[in-house]
Chemist: 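Attaching a single structure in structure tokens format; questions to follow.
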Amino acid sequence: MSTHAPIGGKLFTRPFYFFLLLFMIALAILATRFIFGLGSVTNLNDGYPWGIWIVIDVMIGTAFGCAGYAVALLVYLFNRGEYHPLVRSALMAGMFGYTLAGMAVMFDLGRYWQFYTLMMPGYVQYNSVMLEVAWCVMAYIVVLWIEFLPTFLERFGLKNLRQKLSKVLFIIIALGILLPTMHQSSLGTMAVVAGHQISPLWQTQLLPPLFLISALLMGYALVPFEAILASMGLRQPMETSLLAKISGVALAVTIFYLVLRFADLLWRGALGFAFESNLDALMFWVENLLFIVPVVLLAQRSSRTNPALIFISAVSLLLAGSIYRINTYIIGYHPAAGGTWHYFPSVAEIMLTVGIFSFEVILYLIFVKTLPVLHRA
Amino acid sequence: MPLNRRDFLKLSAAGVGGALCADAANAAQRETKQLPPDAVGMLYDSSLCIGCKACMSACKDANNMPPETPGQPTPLWDTPPETSGRTLNVIKLYQNGSAEHKDQEVDGYAFMKRHCLHCVDPSCVSVCPVSAMTKDPMTGIVEHHADRCIGCRYCVYSCPFGIPKYEYEDAFGQIQKCQFCAHLQAKGVIPACCDVCPTGASLFGTVEDLKQESQRRLQMQTDQEYEFPRGKLGGGRPGHIAKASRYLKHVYGEKELGGTQVMYMSAVSFDKLGLPTNVPDFGYPTISEGIQHTLYKWMLGPAVLLSGLVYVVHRNTRNHHDDDHSDSETSSDKGTS
Amino acid sequence: MAISIKESDTHLDGFVGTLGGVSRREFMKFCTGVAATIGLPAGMSWQIAAAASNPQRPPVIWLSAQECTGCTESLLRSTHPTLEQLILDAISLDYHETLSAGAGHQAEAHKQQSMQQNKGKYVLVVDGSIPVKDGGIYCKVADRPILDHLLEAAEGAAAIIAIGSCASWGGIPSSGPNPTGATGVAEILKDKTIVNIPGCPPNPYNFLTTVLHFLAFNRLPELDAKGRPKFAYNRLIHENCERRPHFDAGRFAITFGDEGHRKGWCLYKLGCKGPETYANCPAILFGDVGPGAWPVGTGHPCFGCSEQGVGFTKGVHQLAELETIKPSATHVDIAEDIGVGVTPAAAATALAVAGAAAGAGGVVVNRLMQNNGNETDNDLEPHDREG
């Protein structure tokens with residue numbers, strides 16, 4: 001009955017095996033990490049206690065996962081029903097992004113076996129931004145799975161349950177909008193306390209809105225990105241007109257973001273740092289040029305129907321948001337004291353990150369082939 | 001990632017400090033915290049320090065820490081390059097040019113002691129999600145409790161002095177930091193580094209007394225001999241007679257980042273000794289907590305937002321409450337497939 | 001005095017008698033020892049031997065001012081075999097208040113005679129500080145202030161050696177209220193080169209070596225800014241101290257007799273002045289009785305006897321300043337390099353991942369462009385084995 005349908009087909013294809021291999025490598029790295037400690041596989045040190053496992057796997061991973069949030073915002077808050085066909089795959093992207101980010105946190109936590117203290121009233125520390133993020137992300141993972149539940153129920157023909165669920169789903173959907181608003185902004189607030197350790201190019205009290213908006217942008221970018229890849233890789237139809245519309249939304253939000261970003265830099269008098277000859281300045285321009293690319297490419301209405309331009313813009317936005325996060329937390333972060341600290345991810349760190357993204361691809365392939373996720377006209 | 005720290009410090013001196021101060025006026029900043037009533041602290045006088053590292057060895061003994069012997073084929077010497085999961089206290093050396101004169105910036109050298117400064121408004125306590133970092137309400141000692149720590153290392157990331165350290169080489173590693181020998185102080189013994197310091201360069205006492213002592217030193221005439229207390233300020237131990245140095249007219253930690261209970265005096269500028277200078281007079285938690293408290297006061301904001309969202313979403317899902325119908329409506333205008 | 005090595009070689013056979021029972025072997029051992037102290041190559045011992053056994057012994061006038069005879073006693077107690085005999089034979093000690101055979105007018109007359117006969121050739125050695133207050137009346141010899149004796153003897157001296165801390169910079173008499181105006185020799189004879197051999201007492205070998213250097217080469221050894229021979233006084237005691245590793249490791253004796261003291265740890269906290277005192281005590285030791293025979297070796301902190309402004313001035317318990325030395329190499333820098341930066345393997349991995357992503361993106365964009373050009377209404381060609 002549903003216009004969403006599993007696309008079926010052979011699951012164990014060559015790409016599937018390739019990604020599985022990458023995932024297996026990541027599992028071996030994980031085993032080493034849990035037996036010999038974080039230092040055995042990562043280049044983390046006390047100057048850079050957060051490496052790419054946190055910044056890419058968690059912060060960027062959840063920002064990718066904002067696809068569900070971004071589309072839900074359009075559909076449910078602004079009542080733009082026409083985007084509905086995108087909801088399910090966007091939700092799924094969010095679900096994977098967040099679930100795997102949650103897993104990645106557990107790999108990175110130094111004392112993961114005491115994770116339960118986050119839920120113990122005697123221990124929780126309400127001033128901690130980290131606490132808010134942790135609670136929100138945990139709650140949002142649950143929310144995402146509930147939001148996605150109808151897909152399972154449909155697949156297994158539990159029509160009754162599906163209907164009962166849809167009666168209360170609006171609360172879950174509301175939570176699904178509230179929670180990412182809270183923690184995606186808080187992921188920015190988390191850096192505020194680092195103070196002078198973060199370059200003025202990134203350290204600002206506007207970090208919360210900037211992180212929130214850029215996460216939203218990445219969500220809007222992920223939708224066409226995923227749709228175009230799916231249409232090509234899995235021979236799915238492409239909803240070009242919808243992608244054109246959502247690209248328009250992304251364009252508007254990007255312009256808003258850039259205005260806010262540069263106004264803040266100017267107001268703080270920090271723009272001068274962008275013209276120094278150092279890595280900070282270089283990465284600042286890489287980051288912001290990537291934000292500007294879609295503005296240029298999608299400026300004309302006609303170009304928004306060109307899948308190639310949409311795709312390039314989407315990739316550009318995803319990269320821009322990612323580099324913004326890497327810049328804020330790693331490149332623009334200059335450990336205050338105690339040493340001349342160096343950090344570049346080790347091979348194992350990179351391969352674990354690759355493995356987690358591979359796992360996401362694997363899950364995506366399994367889900368779209370066996371569950372009614374993708375929209376069928 | 002070869003980041004030039006020195007350049008950055010120059011930049012941050014000009015930029016961040018100023019920017020944050022300027023921003024602060026507009027921020028929803030919370031009140032800065034006040035010194036606890038019985039605050040104990042330390043005055044480290046770089047000009048008195050002779051770099052003997054007795055405090056390092058006493059610290060290892062007092063805290064039962066193993067030696068660090070990086071790059072030694074046969075481990076012989078405890079030579080930690082920095083405080084770490086195995087070292088809570090390190091004597092460091094500033095040197096310039098021929099390094100012939102003590103307490104001189106050019107062609108001179110000076111020693112520096114690295115350990116927790118026990119901030120009045122500590123970032124690590126503010127950021128810890130599970131209260132593993134605490135500040136004693138009476139003595140003000142910032143202590144870590146590994147029994148509840150989840151190892152997120154946010155304290156490591158946020159500390160403006162780079163003090164909390166994690167044991168990366170251990171599968172069950174924990175955060176380590178100077179606890180000001182709280183276990184010894186509970187027995188009425190002063191911290192090991194102050195106890196053993198031959199010259200009184202590390203001096204233990206109440207923060208108020210130490211501030212007075214630092215003022216006394218600022219009044220001293222350079223190269224005149226004075227008696228410098230050793231061990232505990234007012235503890236009755238014979239002092240150390242030495243010539244007063246050319247002190248900078250500033251005591252680090254009186255105001256920096258909201259004040260620290262460990263304070264520094266020196267003849268060599270503090271940024272040369274690796275301390276962040278040009279930092280605001282308030283701790284960074286006043287900003288980050290200020291933002292959080294504004295947004296999440298009694299969770300009022302989120303509650304209001306949620307109720308609004310519930311209302312709107314409910315209305316909107318009722319409008320096209322059957323997903324499938326709305327899907328088919330909208331799919332008609334697709335230009336694809 | 002330039003005796004070639006070949007000549008000295010033949011002269012040596014005659015030494016046995018003149019050395020007063022010292023065997024040739026023992027004598028050469030001594031000379032080699034002197035050469036080593038001074039930092040000369042072993043071959044130089046022949047030249048020194050020749051100087052030490054020169055039948056024309058250089059005359060020495062030894063003046064004693066405000067002193068305790070400690071310097072002389074210490075010199076006599078050098079335990080190289082019958083060293084005193086050697087020295088008394090190597091040089092012609094024409095006047096020495098303690099060691100002169102004669103006394104009173106006889107001794108004074110002999111001194112005058114020697115000074116006149118050997119004008120410009122004799123070596124003047126002074127121990128003890130010179131009182132200058134009230135016309136120098138606080139130390140008189142032969143009814144004349146020692147100051148006069150000094151000025152008189154200095155006139156015709158080929159070299160002047162101030163032995164002991166008193167003669168070098170005033171020593172004990174000059175510290176504290178200093179009622180006699182005790183002054184070092186160099187302070188009085190400002191226009192002359194004075195060799196200072198400070199110490200209380202100084203190591204006799206530093207004196208002997210200086211004398212023999214003068215005899216062998218007809219010039220004084222290289223001196224530092226304070227007139228001290230560099231071979232003996234250019235290093236801090238702290239630098240050669242056998243307890244130095246304990247200092248570097250932060251292991252200190254806190255009180256006499258405590259665990260650290262018994263274990264031989266660093267005596268800095270007991271007031272050891274090694275870090276501000278220049279002398280070679282830990283290197284050549286005292287009394288030739290083997291290792292540990294010097295103050296720090298026996299468990300007593302160095303009190304800086306040879307260093308002006310330290311010995312007899314600072315309290316024994318007072319801590320030394322480490323003003324003048326470079327800090328130890330074991331100290332870590334304020335900001336040491338820590339952490340792993342870009343390694344080739346990591347860079348290659350990162351580039352490979354980025355390259356693969358960029359390649360895939362390129363392929364996608366390429367296909368999309370083609371499709372768009374073809375206006376094929378999204379009927380994408382089957383391009384892999386999916387589906």
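From a predicted model like this one, the values you see are computed outputs, not experimental measurements.
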Chemist: Checking an interface table here. Which of residues 301-308 of chain C come within a heavy-atom distance under 4.5 Å of chain B?
Modeler: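 Answer by number: none.
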
Chemist: What's the spacing between C/Lys269 NZ and B/His240 NE2 if we round to 0.5 Å?
Modeler: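 Rounded to the nearest 0.5 Å, the NZ-NE2 separation comes out at 11.5 Å.
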
Chemist: I'd like to know which of C/Glu336, C/His317, C/Lys314 tops the heavy-atom pair count under 4.5 Å against chain B.
Modeler: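 Of the candidates given, the most pairs with chain B belong to C/Glu336.
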
Chemist: Please look at C/Phe252 and chain B and tell me whether the side chain, the backbone, both or neither of the residue comes under 4.5 angstrom of a heavy atom of that chain.
Modeler: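 Just the side chain, heavy atoms under 4.5 Å.
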
Chemist: Could you tell me if the side chain of B/Arg114 sits less than 4.5 Å from the side chain of C/Ile334, heavy atoms only?
Modeler: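 Counting from C-beta outward, C/Ile334 and B/Arg114 never come under 4.5 Å.
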
Chemist: Output the residues of residues 151-166 of chain B for which the shortest heavy-atom distance to chain C is under 4.5 Å, in residue-number order; output 'none' if no such residue exists.
Modeler: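 Listed by number: none.
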
Chemist: Heavy-atom cut-off 4.5 Å, strictly under: side chain, backbone, both or neither for B/Pro238 against chain C?
Modeler: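 Nothing of B/Pro238, per the 4.5 Å heavy-atom cut-off to chain C.
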
Chemist: What part of B/Glu225 gets within 4.5 angstrom of chain C, counting heavy atoms only: side chain, backbone, both, or neither?
Modeler: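 It is the side chain, since no backbone atom gets that close.
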
Chemist: Would you indicate whether B/Lys232, at its atom NZ, is surrounded by more than 12 heavy atoms from other residues, nucleotides or ligands within a distance under 6.0 Å?
Modeler: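 Not more than 12 within 6.0 Å, no.
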
Chemist: Heavy-atom distances under 4.5 Å only: say whether B/Cys59 touches chain C with side chain, backbone, both or neither.
Modeler: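 Neither part; nothing is under 4.5 Å.
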
Chemist: For C/Glu222, look at atom CD and say whether over 12 heavy atoms of other residues, nucleotides or ligands are found less than 6.0 Å away.
Modeler: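 Check fails, neighbour count at 12 or below.
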
Chemist: Determine the minimum heavy-atom distance between B/Thr199 and C/Leu319, stating which atoms define it.
Modeler: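 Closest pair (atom of B/Thr199, atom of C/Leu319, distance): CG2-CD1, 3.5 Å.
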
Chemist: Nearest 0.5 angstrom please: C/Tyr268 OH to B/Cys52 SG, how far?
Modeler: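 Separation between the atoms: 7.0 Å.
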
Chemist: Under 6.0 Å between the ring centres of C/His331 and B/Tyr109?
Modeler: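 Judged by ring-centre distance (under 6.0 Å), C/His331 and B/Tyr109 do not meet the cut-off.
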
Chemist: Let me know if B/Val90 has heavy atoms under 4.5 Å from chain C in its side chain, its backbone, both or neither.
Modeler: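 For B/Val90, side-chain heavy atoms alone lie under 4.5 Å from chain C.
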
